Amino acid sequence: MLLPNFYASKNATTTVLRAGQDIPAGTKIESGQLVSVEVGSFGLPEGFLNDKDLIVGKVAQTNIAKGDYLFPQKLGENIANELLDRIAK
């Protein structure tokens, strides 16, 4: 009876945070831009942030599309700007 256990794990759900709207690069992320969504827990990507305290107040380093998971690589403390980086060097 291995199959019922296999399928039971695929039916499990969890609540995750996602972008509730398109967030342009350089935007400071606010709570209202995030949504909690119930999704299947099987096959979730690794490393995404699911704690509002780790997301709110950070700056989008790249465009984040509505529905995207939020990964640490997409967020930062400051605005990342290639032109400014070239000027500073």
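Nothing fancy with the numbering, it's 1 onward along the sequence. Predicted, not measured: the structure shown is a model, and the values here were computed from it.
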Participant: If hydrophobic clusters are built by linking Ile, Leu, Val, Met, Phe, Trp and Tyr wherever their side-chain heavy atoms come under 4.5 Å apart, do Leu54 and Ile23 end up in the same one?
Facilitator: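 Yes, same cluster.
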Participant: Closest approach of Ala60 and Pro24, non-hydrogen atoms and distance?
Facilitator: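 Taking Ala60 first and Pro24 second, the nearest heavy atoms are CB-O, 3.7 Å.
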Participant: How long is the span from the CG atom in Asn50 to the CZ atom in Arg18, to the nearest 0.5 Å?
Facilitator: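 If we round to the nearest 0.5 Å, Asn50:CG and Arg18:CZ are 10.5 Å apart.
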Participant: Using every non-hydrogen atom in the two residues, find where Leu70 and Ala19 come nearest and quote the distance to one decimal.
Facilitator: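 Smallest heavy-atom distance, with atoms named: CD1-N, 4.4 Å.
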Participant: Would you name the heavy atoms of Lys28 and Gln33 that are closest together and state the gap between them?
Facilitator: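 Shortest heavy-atom contact: O-OE1, 3.6 Å.
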Participant: Hey, any chance Val56 and Val37 share a hydrophobic cluster, counting ILVMFWY side chains that come within less than 4.5 Å of each other, even indirectly?
Facilitator: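 As far as the 4.5 Å side-chain criterion goes, Val37 and Val56 are not connected within one cluster.
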Participant: Could you please spell out the steps behind the side-chain contact (heavy atoms from CB on, under 4.5 Å) verdict for Leu17 and Phe48?
Facilitator: CA-CA 9 Å; Leu17 289 172; Phe48 71 93; over 6 Å; no
Participant: For residues Val59 and Thr27, determine if any side-chain heavy atom of one lies less than 4.5 Å from a side-chain heavy atom of the other.
Facilitator: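 With C-beta onward as the side chain, the pair stays apart.
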Participant: side-chain contact (heavy atoms from CB on, under 4.5 Å) for Lys74 and Gln61? Distances and angles first, verdict last.
Facilitator: CA-CA 5 Å; Lys74 292 185 176 185; Gln61 300 298 301; 5.7 Å; no
Participant: Are Leu34 and Ile55 close enough that some pair of their side-chain heavy atoms sits under 4.5 Å apart?
Facilitator: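 Side chain of Leu34 against side chain of Ile55, heavy atoms only: contact under 4.5 Å found.
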Participant: Taking all non-hydrogen atoms of both residues, which atom of Thr15 and which atom of Ser36 are closest, and how far apart?
Facilitator: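 Shortest heavy-atom contact: CG2-CB, 3.8 Å.
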Participant: Is the closest side-chain heavy-atom distance between Leu44 and Val39 below 4.5 Å?
Facilitator: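 Side-chain contact under 4.5 Å: yes.
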Participant: Give a yes or no answer on whether the side chain of Ser41 reaches the backbone of Ala12 with a donor-acceptor pair at less than 3.5 Å.
Facilitator: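 Yes, because the side chain of Ser41 sits within donor-acceptor range (under 3.5 Å) of the backbone of Ala12.
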Participant: If you round to the nearest 0.5 Å, how far is CD of Glu46 from OH of Tyr69?
Facilitator: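 Atom-to-atom, Tyr69:OH and Glu46:CD are 12.5 Å apart.
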Participant: Does a side chain donor of either Glu38 or Thr13 reach within less than 3.5 Å of an acceptor in the other side chain?
Facilitator: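 The criterion, which ignores hydrogens and geometry beyond distance, is satisfied for Thr13 and Glu38.
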Participant: Looking at CG of Asn78 and NZ of Lys58, how far apart are the two atoms once the value is rounded to the nearest 0.5 Å?
Facilitator: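 Taking CG in Asn78 and NZ in Lys58, the distance rounds to 10.0 Å.
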